[in-house]
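To keep things clear, I will list the structure first and then write my remarks on it.
Bear in mind that the values here come from a model prediction, so they are computed numbers and not experimental data.
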Amino acid sequence: MDEEIKKVRKWFWVWDDDKEEKWLRKKANEGWQLSKVGLINSYEFQRKETRDTIYRIDYKDGYNLKLDEYLQVFEDSGWEHIGEMSGRHYFRTLMRGEDEPEIYTDNESKITKYKSILAGFYIFIPLFLFPIIFLPNSTKSIGFVVFVIILELFFIFSVIKLSTRISQIKRL
């Protein structure tokens, strides 16, 4: 019997990982286990037996990441690594007991995760302003300038949303 596979594209913002984790759990409870993640929020699921599976997403960029050691820590704690999408690592484990398992047991660790994502956005804001400020006017089209402004607004919006998420966690 061939395995049934379903590919899905669904958009989640990086600060809405809790919503993404709940969606992945719901899919598992419908019999669709995440088997692979890809670029631009693409997911591959395999039809499996229905199991209450908890998914967690961690963020680690590739810079200075000792992947084997990083993954071993999770494996030793009972988490299975599914894959990585743009620095976001997907892990799962079966639900046991009353409380959902967590990869972060304290709020400070969660805040550190979001701050590392935030640092990446801070880098892009001045990077995309550079061509508008320093390129000669003759090389800039209206379309190019509008494109750069839209990118800037996206990065500023992301900084605001991530900062808001960090503030929410601090209040817990």
Side-chain angles (χ1 to χ4, degrees), residues 5-28 32-46 53-95 100-131 147-172:
I5 294 175
K6 176 167 59 170
K7 295 182 180 185
V8 177
R9 284 195 185 276
K10 186 166 175 74
W11 185 264
F12 289 98
W13 296 103
V14 70
W15 51 85
D16 283 333
D17 52 349
D18 54 338
K19 290 177 186 172
E20 186 175 3
E21 292 166 353
K22 287 175 186 166
W23 177 72
L24 291 169
R25 182 179 186 184
K26 180 177 181 277
K27 299 299 277 181
W32 292 102
Q33 294 291 329
L34 182 65
S35 58
K36 191 187 326 183
V37 290
L39 292 176
I40 312 173
N41 292 61
S42 64
Y43 307 84
E44 184 176 289
F45 296 91
Q46 288 182 342
T53 307
I54 303 300
Y55 289 88
R56 293 293 180 254
I57 303 166
D58 191 27
Y59 179 82
K60 293 285 184 213
D61 62 16
Y63 186 73
N64 285 333
L65 176 63
K66 295 176 181 166
L67 187 60
D68 291 340
E69 293 173 21
Y70 170 72
L71 295 179
Q72 190 63 52
V73 168
F74 283 91
E75 187 177 315
D76 292 346
S77 299
W79 292 93
E80 177 189 359
H81 185 251
I82 307 302
E84 181 263 341
M85 176 186 0
S86 303
R88 291 158 47 190
H89 291 266
Y90 290 73
F91 297 93
R92 74 170 160 222
T93 192
L94 292 176
M95 180 67 178
E100 288 185 21
E102 292 291 341
I103 58 175
Y104 293 113
T105 55
D106 63 298
N107 286 342
E108 204 51 50
S109 298
K110 291 177 186 177
I111 289 169
T112 300
K113 173 179 113 170
Y114 289 113
K115 283 183 176 180
S116 66
I117 299 169
L118 191 58
F121 282 102
Y122 281 136
I123 291 168
F124 285 106
I125 292 172
L127 183 68
F128 284 107
L129 282 177
F130 182 83
F147 174 73
V148 170
I149 290 171
I150 289 170
L151 276 176
E152 283 296 315
L153 292 173
F154 165 74
F155 287 117
I156 291 168
F157 172 75
S158 298
V159 165
I160 291 168
K161 292 299 279 186
L162 283 164
S163 298
T164 301
R165 182 80 170 118
I166 291 168
S167 294
Q168 288 171 340
I169 294 169
K170 284 180 179 177
R171 287 193 297 265
L172 294 177

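- In terms of the salt bridge (Lys or Arg N to Asp or Glu O under 4.0 Å) criterion, residue partners of Lys26 (sequence neighbours excluded) are, by chain and number, Glu30.
- One N or O on the side chain of Asn41 and one on the backbone of Lys10 form a donor-acceptor pair closer than 3.5 Å.
- Residues passing the side-chain contact (heavy atoms from CB on, under 4.5 Å) test with Lys19, sequence neighbours excluded: Phe12, Asp16.
- The distance between the ring centers of Tyr43 and Trp23 falls below 6.0 angstrom.
- Remark: Lys27 is positioned above the aromatic ring of Phe45, its terminal NZ or CZ atom under 6.0 angstrom from the ring centre and at most 45 degrees off the axis.
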For this session: List the steps, then state whether ring pair (Phe, Tyr, Trp, His ring centres under 6.0 Å) holds for Phe121 with Trp13.
Result: CA-CA 13 Å; Phe121 282 102; Trp13 296 103; 9.1 Å; no
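- The side-chain contact (heavy atoms from CB on, under 4.5 Å) search around Lys22 returns none, not counting sequence neighbours.
- Remark: the Asp58 side chain and the Tyr70 side chain contain an N/O donor-acceptor pair separated by less than 3.5 Å.
- Within 6.0 Å of the CG atom in Leu153, the count of heavy atoms belonging to other residues, nucleotides or ligands exceeds 12.
- For the side chain to side chain donor-acceptor pair (under 3.5 Å) test, residues two or more places apart in sequence or in another chain that qualify with Arg88 are Glu20, Tyr90.
- With 3.5 Å as the limit, one finds no donor-acceptor pair spanning the side chains of Gln72 and Asp68.
- Partners of Glu80 under the salt bridge (Lys or Arg N to Asp or Glu O under 4.0 Å) rule, at least two apart in sequence or in another chain, are Arg92.
- Judged as a side chain to side chain donor-acceptor pair (under 3.5 Å), and not counting sequence neighbours, Lys161 has no contacts.
- At most 12 non-hydrogen atoms from other residues, nucleotides or ligands lie less than 6.0 angstrom from CZ of Phe147.
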